[in-house]
Protein chains: 2
Amino acid sequence: MENREQLLAQALALFAARGYDAVGVQEIVAAAGVTKPTLYHYFGSKRGLLEALLESHFGPFERNLAAAVTHTGDLPLALMRVTQAYFTFAQTTPAFYRLHLALYMAPSEAEARQVVSPYYLRQHTLLAEMFAQATTQHGNMRGRHARYALALRGMIDSYVLAVLDGYAAFSETLVYELVHQFSHGIYS
Amino acid sequence: MENREQLLAQALALFAARGYDAVGVQEIVAAAGVTKPTLYHYFGSKRGLLEALLESHFGPFERNLAAAVTHTGDLPLALMRVTQAYFTFAQTTPAFYRLHLALYMAPSEAEARQVVSPYYLRQHTLLAEMFAQATTQHGNMRGRHARYALALRGMIDSYVLAVLDGYAAFSETLVYELVHQFSHGIYS
DNA sequence: GCGTTATTATACCATTCGGTATAGAAATAG
DNA sequence: CTATTTCTATACCGAATGGTATAATAACGC
């Protein structure tokens with residue numbers, strides 16, 4: 001089982017560095033110190049390897065996210081939890097965050113995109129439901145859940161990418177500022 | 001010169017549909033109805049083709065954007081102009097918008113990313129300067145120009161992607177709602 | 001007319017692509 | 001100990017990769 005994890009780890013590093021399509025299986029197995037049949041034994045195909053990679057990281061994260069969006073009547077608090085969850089995720093495994101961003105922005109016909117799509121959709125649904133539950137407190141939100149989820153995710157990814165590119169650093173302050181900006185706009 | 005434009009058009013369609021790395025030059029020249037030496041005559045390399053493609057679309061757009069950010073003492077108006085400029089761009093050439101999103105989110109070591117990076121940086125600078133000029137009117141913005149530019153771009157791309165994926169439609173209303181949300185947050 | 005340059009096709013290059021058939025180890029079950 | 005299953009290596013597959021040497025053709029200035 002150790003070879004399996006080596007393959008996942010090296011595949012993540014290579015995919016994140018140069019992209020899914022640009023990295024060949026030969027390069028992955030060489031980095032992992034094994035040969036091709038080993039990879040095909042565990043994952044069946046290059047795509048299967050990608051799917052396993054996504055599941056291993058997104059699986060646990062989605063459970064975190066599901067806990068973070070749990071509404072307790074305090075939307076501002078939930079927003080902080082959610083944003084913090086994404087930031088922690090990106091900080092813990094920056095390579096994976098980069099990879100999944102690249103995969104999601106990839107063309108819809110690209111095979112890599114089809115693999116991430118379900119994960120993104122589930123997360124979007126979780127976020128939208130958080131806003132939907134807040135409707136009780138903020139009646140004027142009605143019908144805007146999806147757009148709010150969209151904008152929040154867009155801001156988070158935009159901020160995270162800036163950090164990954166070295167233009168900023170992760171901090172509690174950054175989380176607060178993002179949430180504050182999202183909540184009250186730029187004129188306050 | 002007609003072959004040159006055919007190559008650019010077909011390359012855009014293919015890159016946008018399946019990704020830069022996944023599309024071979026053979027496929028491009030076949031779609032354009034020419035052969036490989038023609039492509040290499042005009043562009044020198046696959047990367048050169050990508051560079052020409054980006055310049056041909058981003059060049060004109062950056063001039064539009066530069067006009068849109070021109071500050072006239074009315075930041076809300078400038079925000080509307082900027083957002084509208086991006087939406088119009090995405091609506092006019094959706095394939096190119098998809099492609100450039102994919103390229104920018106690609107890993108920094110990926111050759112495709114290096115080609116888009118300068119364009120994205122210039123656009124970010126233009127946006128940040130717009131917010132900087134608004135400091136006169138809104139003193140509390142000081143030091144936040146970069147983050148505002150980041151968040152605005154993130155929201156725009158997030159919205160545009162949703163439209164390109166068929167979850168929404170371009171409209172004046174959508175532009176207004178985006179700008180309003182960006183300006184005043186979700187509690188208004 | 002001529003010489004020059006720009007443009008294009010045929011045919012080819014070495015390398016790499018994702019994937020596999022065969023078979024040898026290694027672990028496990030009985 | 002044997003039988004079976006799991007795992008891994010050698011060696012290979014056809015197809016496609018980005019790119020090019022050679023040469024024919026077309027367009028051009030003169």
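Below, chain A is the first sequence line, B the second, and so on; all start at residue 1. Note that the structure is a prediction, hence the values are computed from the model and not measured.
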K.L.:
Taking atom types as modelled, find out whether A:Tyr86 and A:Asp157 have a side-chain donor-acceptor pair closer than 3.5 angstrom.
P.N.:
no
K.L.:
Let me know the distance between CZ of B:Phe43 and P of C:dA6, rounded to the nearest Å.
P.N.:
16 Å
K.L.:
Please determine if a side-chain N or O atom of B:Thr38 lies less than 4.0 Å away from the OP1 or OP2 oxygen of C:dA9.
P.N.:
yes
K.L.:
If I take atom CZ in residue A:Arg18 and atom C1' in nucleotide C:dC17, what distance separates them, rounded to the nearest angstrom?
P.N.:
14 Å
K.L.:
Can you find a side-chain donor-acceptor pair between B:Gln181 and B:Tyr176 that sits under 3.5 Å?
P.N.:
no
K.L.:
Does one side chain, of A:Tyr20 or A:Glu111, offer a donor that lies under 3.5 Å from an acceptor on the other?
P.N.:
yes
K.L.:
In whole Å, what is the span from the CG atom of A:Leu50 to the P atom of C:dG18?
P.N.:
13 Å
K.L.:
Quickly work out the A:Leu14 CG to C:dC17 P distance and round it to whole Å.
P.N.:
11 Å
K.L.:
For C:dT8, does OP1 or OP2 lie under 4.0 Å from any side-chain N or O of B:His41?
P.N.:
no
K.L.:
Atom CG of A:Leu39 and atom P of C:dC17: how far apart are they, to the nearest Å?
P.N.:
13 Å
K.L.:
Please tell me whether A:Gln91 and A:Tyr97 have a donor and an acceptor in their side chains that are separated by less than 3.5 angstrom.
P.N.:
no
K.L.:
Would you say D:dC7 has OP1 or OP2 under 4.0 Å from some side-chain N or O of A:Asn3?
P.N.:
no
K.L.:
CD of A:Glu5 versus C1' of D:dC7: gap in Å, rounded?
P.N.:
15 Å
K.L.:
My understanding is that only residues two or more places apart in sequence, or in another chain, count here; which of them pass salt bridge (Lys or Arg N to Asp or Glu O under 4.0 Å) with B:Glu177?
P.N.:
A:Arg147
K.L.:
For a quick check, with a 4.0 angstrom heavy-atom cut-off, what is the B/S/- contact string for nucleotides 13-20 of chain D, read 5' to 3'?
P.N.:
----SBBB
K.L.:
With distance as the sole criterion, is a donor-acceptor pair present between the side chains of B:Thr88 and B:Gln84 under 3.5 Å?
P.N.:
yes
